[in-house]
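First comes the structure, then the notes that go with it.
Small disclaimer: the values here were computed from a predicted structure and weren't measured.
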Amino acid sequence: VIWPASSTGPNPNTGAAPGKQEFFTLANAETVWSQMPPASGTFPAGGTTFAQSMPTSYAEQWNLAIQRTIGQDWIAQIDYIGSETHHIFNYGNINLASLPTAADVNPSSTADINSRRPYQAVQGNIEQYSKRGSSNYHGLEMQIKRRFSHGFEFNTNFVWQKSMDFQGSDHKATGQAGAIPQVDYGPSDFNQKYVYKASGIYELPIGKGKLLLNGGNWFENQLGGWRV
């Protein structure tokens, strides 16, 4: 580290002259530590902490599918898909004030709110990062498909699903997160219970070998082969 050349004098802690490299030795650290003011027992609000236990995140997935051919061109299929994710990274306010009681004269005042916090030494919120989050997904998908034959293809599927987690994708510390994280467990913000999709391909019956305009003329060939 270079002590700024614009400084009017040497670094008071390391003695480095302006524009010169400085070294912070153990002796320097002991000197600075001895000059620090005594602890007041009060910590500033708005701090960030990390939980003591931060286990490794992992996910599990499983599925079961049954498929049946109907005739020559149709296929029906039913799938069950499930997954769980454990120890998801999230955060919450571990110094959230408890709910007021009938004895609280002015429950909305700052003093009253701070008196109901679990860590009285910190008069405010404490944001803590942890691995307490989890999520799960269960979905049932039903699909009917017709392979492309005689100029026609069709595919349709219906999904009945549910996704649950502790916090949404924005990971905001909402509700009782921190004090009672279980109350923030619910449907994911991206959860969509029902999903239906359908698609198809139809080849126009025009051109060589087709029902219409099949005389072999150049313009008939140009019009043939189109699909919608």
Side-chain angles (χ1 to χ4, degrees), residues 51 53-92 129-178 180-228:
S53 176
M54 299 286 280
T56 302
S57 304
Y58 67 95
E60 300 173 293
Q61 296 180 335
W62 56 90
N63 65 81
L64 175 66
I66 300 175
Q67 188 180 83
R68 174 78 176 182
T69 300
I70 303 174
Q72 295 183 345
D73 301 327
W74 293 86
I75 295 176
Q77 182 170 323
I78 298 178
D79 298 83
Y80 163 71
I81 302 172
S83 67
E84 287 187 355
T85 305
H86 306 272
H87 306 306
I88 298 176
F89 186 84
N90 61 9
Y91 58 83
Y129 291 84
S130 67
K131 287 287 194 75
R132 293 185 296 179
S134 65
S135 66
N136 62 77
Y137 171 84
H138 300 279
L140 182 66
E141 180 178 356
M142 292 163 281
Q143 180 179 8
I144 297 177
K145 182 176 181 180
R146 184 187 191 277
R147 68 180 182 86
F148 188 80
S149 176
H150 303 291
F152 178 62
E153 178 182 309
F154 179 72
N155 185 20
T156 181
N157 63 70
F158 172 77
V159 180
W160 178 29
Q161 60 188 358
K162 189 174 186 179
S163 177
M164 303 281 287
D165 58 26
F166 278 91
Q167 290 182 336
S169 56
D170 56 359
H171 295 286
K172 289 184 178 179
T174 57
Q176 292 285 330
I180 313 175
Q182 292 81 4
V183 301
D184 272 354
Y185 179 74
S188 305
D189 55 1
F190 53 83
N191 180 65
Q192 190 169 351
K193 189 174 183 180
Y194 304 113
V195 178
Y196 175 76
K197 295 181 291 184
S199 63
I201 297 176
Y202 176 68
E203 187 175 48
L204 298 179
I206 299 174
K208 186 177 180 179
K210 304 299 180 181
L211 180 64
L212 303 174
L213 300 178
N214 52 15
N217 297 312
W218 67 270
F219 65 90
E220 294 176 333
N221 294 333
Q222 293 299 318
L223 294 174
W226 291 90
R227 298 178 179 182
V228 293

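- The side-chain hydrogen bond (donor to acceptor under 3.5 Å, both in side chains) test applied to D73 returns R147, not counting sequence neighbours.
- For N157, there are no side-chain hydrogen bond (donor to acceptor under 3.5 Å, both in side chains) partners at least two apart in sequence or on another chain.
- More than 12 non-hydrogen atoms from other residues, nucleotides or ligands lie less than 6.0 angstrom from CH2 of W74.
- Atoms CD1 and CD1, from I70 and I75 in turn, are 9.5 Å apart once rounded to the nearest 0.5 Å.
- Note that the CD1 atom of I201 and the CG atom of N155 stand 9.5 Å from one another [nearest 0.5 Å].
- Take Y185 and apply the ring-ring contact (aromatic ring centres under 6.0 Å, His included) test, not counting sequence neighbours, and it matches F166.
- Between R146 and S149, the shortest heavy-atom contact is NH1-O, 3.0 Å.
- Nearest heavy atom pair, residue L140 against residue I78, reads CD1-CG2, 3.8 Å.
- In this structure H86 satisfies the ring-ring contact (aromatic ring centres under 6.0 Å, His included) test together with Y58, sequence neighbours excluded.
- Take K131 and apply the side-chain contact (heavy atoms from CB on, under 4.5 Å) test, not counting sequence neighbours, and it matches M54, P55, S57, H87, F89.
- For A59, the side-chain contact (heavy atoms from CB on, under 4.5 Å) partners at least two apart in sequence or on another chain are T85.
- Heavy-atom neighbours of Q72 CD from other residues, nucleotides or ligands within 6.0 Å: at or below the threshold of 12.
- Here the CZ-OH distance, from F148 to Y202, works out to 10.5 Å after rounding to the nearest 0.5 Å.
- From F154, atom CZ reaches atom NZ of K145 across 12.0 Å, with rounding to the nearest 0.5 Å.
- Closest of all the heavy-atom pairs between Y137 and V159 is OH-CG1, 4.3 Å.
- Shown here are the side-chain hydrogen bond (donor to acceptor under 3.5 Å, both in side chains) partners of S163, two or more places apart in sequence or in another chain: S188.
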Worked verdict on N136 versus H138 for side-chain contact (heavy atoms from CB on, under 4.5 Å): CA-CA 7 Å; N136 62 77; H138 300 279; 3.8 Å; yes
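- Within the structure, side chain to side chain donor-acceptor pair (under 3.5 Å) contacts touching residues 191-200 (residues at least two apart or in different chains) are T156-Y196.
- Residues passing the side-chain hydrogen bond (donor to acceptor under 3.5 Å, both in side chains) test with Q77, sequence neighbours excluded: Q67, D79.
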